[in-house]
J.: 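First, the structure itself, so that you have it in front of you.
One-based numbering along the sequence shown.
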Amino acid sequence: MTITNPSPLPPTRETFRIEGLSCAGCVRRTETALRAVAGVIEANVNLAESSATLTYQTPTATYGTLGQAVARCGFRLVRLEEEVDPVAQLEQEQQREQADLRLRLRVGGILAIVTMLLSHGHMFGMGHAFDLSTTANFWLQGILVTPVQFWAGARFHASALAVGRHGGANMHTLVSIGTFSAYLYSLLVLLAPGLFQGSRVVAEVYFDSAGMIIVLILLGRFLETRAKGQTAQAIRALIGLVPKRARVLRKGREEELPLAAVVPGDQVIVRPGETIPVDGRIIEGSSTIDESMLTGESMPVGRGVGDGVIGGTLNRGGTFTFEAERVGRETVLAQIVDLVRQAQQSKPPVARLADRIAGVFVPVVLAIAVVTFLVWFWFGPPPALTYALTNFIAVLIVACPCALGLATPTSIMVGTGRGAELGILIRGGEALEKARRIDVVVFDKTGTLTHGRPALTDWSGDAATLALVAAAEDRSEHPVARAVVVAAREQGMTLAVPESFIALPGQGISAVVVGRNVLVGTRRLLGEAGIDTTAGEAFAAGLESAGKSTLFVAIDGQFAGVAGVADSVRAESRAAVDALHARGMRVFMLSGDNRRTAQAIAATLGIDQVEAELLPEQKGAAIRRLQQEGCVVAMVGDGVNDAPALAQADVGIAMAAGSDVALAAADITLMHDEPRDVVAAVQLSRATLANIRQNLFWAFAYNVLLIPLAAGVWFPWFGVLLSPVFAAAAMAFSSVTVVTNALRLRRFQRVV
């Protein structure tokens, strides 16, 4: 008996929540640990959402092994509920975190402010308000700030301890060490004041600094969390398009069911004004449907029996019944949401520098803080310990790896989300990075620069031959083939069913109809079959000079006629080409059509260079030649013929109305079939990458400027030091600034 190994299961892609992330260093360590797990193919950790999106092979990698890897970093991996949308679950976690932060901030803020007034009330003319001895004042400060240190700041200390147990350190480590240093030193002054007698150290307490640092960092986290909640607005809007319930006909009875209960084959009833819940095909009734959320077309379109409908679109007309075909995660809208989610979890190459720095950031800061303490303690002016301690704390607190970790994911989340709102779906950070550098844009002709809805305008043969051609073309999905079929049916012709059919991509078709061998396609196709097309060349030349496509026909090995098909150029195509030229890009066109037709259209649109009569593999070779010349190439197409070129290009851009093969090969999908969206996609990628670079610059510059200031480098010349309290405020401000800057991408608009 022969034993065969079972075929491996397809990889699983899943989003998890990670509890305890605080900074870029946490992200770096967690990603490294997850990628080291056997069976993990890809791991992307997103600080902005405290989530991880993993692609892994089961059963090699399991939830248990993944959780253990994360636990070794000091964090906790939490599986999201399958029946609940991951975006909604992550948002619920953010809302819970906001509520917790708000409570701790309010209580801690009141206590810290009172402590600050006790310590510095004389600065505000309030010395008389606290008629206390110095010792009593110090004790009251300690009592007030203790809940702030141990309750309001508990998240920082718990995280630092969890990470520290596994030999790591993160942003919370810096906060915890800094505030505990101030708190414990102050406690020592209270409990053992004799230690400071006769020394050059002034016995002062820093309860106010410990408390205010925690409150200010909590404030920063609260503002940051609120701002981060806006980054997923686009996905929330997409998910919000789908109703929660559906009206289903089962066993002759109409039932209203939760959307999760709808299965393929169910008959779903939709009334006027309702949103279509899932994808399917109309079996009874008709209506007009607003599909603008997908196509960008503002006018509702008519749909009747046999037509497909898409979940999330709006029924503007009558009542109809349709059969559910794709439900849950299989619907078009769910796939769009998943595509956007994947993009938001990705990282562009520009983020690698930040990742490398994040891996060593916290240990370096700890080392700088220790050196600062020692230098000030041994060489600083009296009171040396006071200076050493405050500068040590300031260095720990001012360093902000959190801003570094937020710089990339927040910009990508907002940028790709804004793209989704505009009908531009970007697969990931790498596509964004490459799209920014595009200098050559290559268009396919049919369905991109033209409408892809050609009509038969001329025919040199007889009606019987046209009927044979139409019968053969009825098996093809090419737009030109459909034009012939539509014209034949409009003339009342009855089309036979072909006995055989072969599609020849980029060339035409070969079929047998009622025993006749039918060959339809390019002149090259007929020439390679040994068929003389001389009799039709003059007729074809006239059509091609007018910008029409030509089909050469042979029946039983003999030339039988030429068909002329016209496909109107999109009105917006010229504006798209001009806009690309204005941004310094060259525009090429590749086409399987004949040379004269392609050149006529290229001349109309102002295209720089055109190659025609190309097979699919030749289109890919043309892209490769441009790349060998040093060009960064974007290919825009919509058909099966374009898939090799889309895959070869640095950035493949597919029109959503095109074939599934084209969409699968593309890096960017344009939902609105609008050539000007190619320009918008490039603009958006450039804006997003510019935003990332701004965030990274300020995250780096912030630390480069403020860490030396906190360490007291400028004190010998300018007498300037950074108070730990101001260091905490600056740290909180840096993270909020990064997120706020990313949110500016929500205002991105097309300019063409």
Side-chain angles (χ1 to χ4, degrees), residues 281 301-308 445-447 450-526 529 531 533 535-544 546-569 591-594 596-597 601 638-641 657-659:
R281 195 162 299 278
V301 293
R303 292 285 184 262
V305 174
D307 291 331
K445 178 178 70 67
T446 304
T450 66
H451 285 96
R453 295 190 293 270
L456 182 68
T457 58
D458 303 89
W459 169 239
S460 66
D462 56 35
T465 302
L466 180 61
L468 290 173
V469 173
E473 294 280 30
D474 197 27
R475 290 285 183 89
S476 173
E477 295 183 357
H478 196 283
V480 172
R482 305 316 304 163
V484 175
V485 173
V486 169
R489 284 181 171 154
E490 286 177 349
Q491 294 178 33
M493 296 180 181
T494 301
L495 305 185
V497 177
E499 289 101 79
S500 69
F501 173 86
I502 300 174
L504 306 169
Q507 300 181 80
I509 59 102
S510 174
V512 176
V513 182
V514 294
R516 309 288 299 276
N517 292 314
V518 181
L519 193 63
V520 184
T522 63
R523 52 167 59 82
R524 176 197 289 179
L525 177 64
L526 270 64
I531 299 168
T533 61
E537 289 297 342
F539 185 75
L543 298 176
E544 290 165 359
K548 297 180 181 180
S549 300
T550 52
L551 291 175
F552 286 77
V553 178
I555 306 294
D556 294 331
Q558 299 296 316
F559 175 73
V562 176
V565 177
D567 184 9
S568 59
V569 175
S591 177
D593 210 341
N594 67 78
R596 288 195 192 98
T597 300
I601 291 175
D638 75 328
V640 174
N641 295 348
S659 71

J.: Among residues two or more places apart or on two chains, list those pairs meeting salt bridge (charged side-chain N to carboxylate O under 4.0 Å, His left out) that have a residue in residues 505-518.
T.: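 Applying salt bridge (charged side-chain N to carboxylate O under 4.0 Å, His left out) to every pair that reaches into residues 505-518, excluding sequence neighbours, yields Arg516-Asp556.
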J.: By the salt bridge (charged side-chain N to carboxylate O under 4.0 Å, His left out) test, which pairs, at least two apart or in different chains, include something from residues 454-469?
T.: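 For residues 454-469, and leaving out neighbouring residues, the salt bridge (charged side-chain N to carboxylate O under 4.0 Å, His left out) pairs sorted by first residue read Asp458-Lys548.
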J.: Can you list everything that forms a side chain to side chain contact (heavy atoms under 4.5 Å, CB included) with Gln558? Sequence neighbours excluded, please.
T.: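 Gln558: no side chain to side chain contact (heavy atoms under 4.5 Å, CB included) contacts found.
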J.: Which residues satisfy the salt bridge (charged side-chain N to carboxylate O under 4.0 Å, His left out) test with Arg281, sequence neighbours excluded?
T.: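 Once residues adjacent in sequence are excluded, the partners of Arg281 under the salt bridge (charged side-chain N to carboxylate O under 4.0 Å, His left out) criterion are Glu325.
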J.: Which residue pairs pass the salt bridge (charged side-chain N to carboxylate O under 4.0 Å, His left out) test when at least one of the two sits in residues 487-504, sequence neighbours left out?
T.: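 For residues 487-504, and leaving out neighbouring residues, the salt bridge (charged side-chain N to carboxylate O under 4.0 Å, His left out) pairs sorted by first residue read Asp474-Arg489.
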J.: If you look at every heavy atom in Val485 and Ala470, which pair is closest and at what distance?
T.: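 So the two residues come closest at CG2-O, 3.5 Å.
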J.: Who passes side chain to side chain donor-acceptor pair (under 3.5 Å) against Glu537, sequence neighbours left out?
T.: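 Result, side chain to side chain donor-acceptor pair (under 3.5 Å) vs Glu537: Arg523, Thr533.
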J.: Ile509 versus Arg475: any side-chain heavy-atom pair under 4.5 Å?
T.: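 No. Closest side-chain heavy atoms not under 4.5 Å.
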J.: Run the side chain to side chain contact (heavy atoms under 4.5 Å, CB included) test against Ser460 and tell me which residues pass, sequence neighbours left out.
T.: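 Expected list: Phe539, Val562.
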J.: If the condition is side chain to side chain contact (heavy atoms under 4.5 Å, CB included), which residues does Ala496 pass it with, not counting sequence neighbours?
T.: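 Expected list: Val513, Val514.
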J.: Quick one: side chain to side chain contact (heavy atoms under 4.5 Å, CB included) partners of Ala529, sequence neighbours excluded?
T.: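 So Ala529 forms a side chain to side chain contact (heavy atoms under 4.5 Å, CB included) with Leu519, Ile531.
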J.: Residues two or more places apart in sequence or in another chain: which of them pass side chain to side chain donor-acceptor pair (under 3.5 Å) with Ser591?
T.: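 Ser591 satisfies side chain to side chain donor-acceptor pair (under 3.5 Å) with no residue once adjacent residues are dropped.
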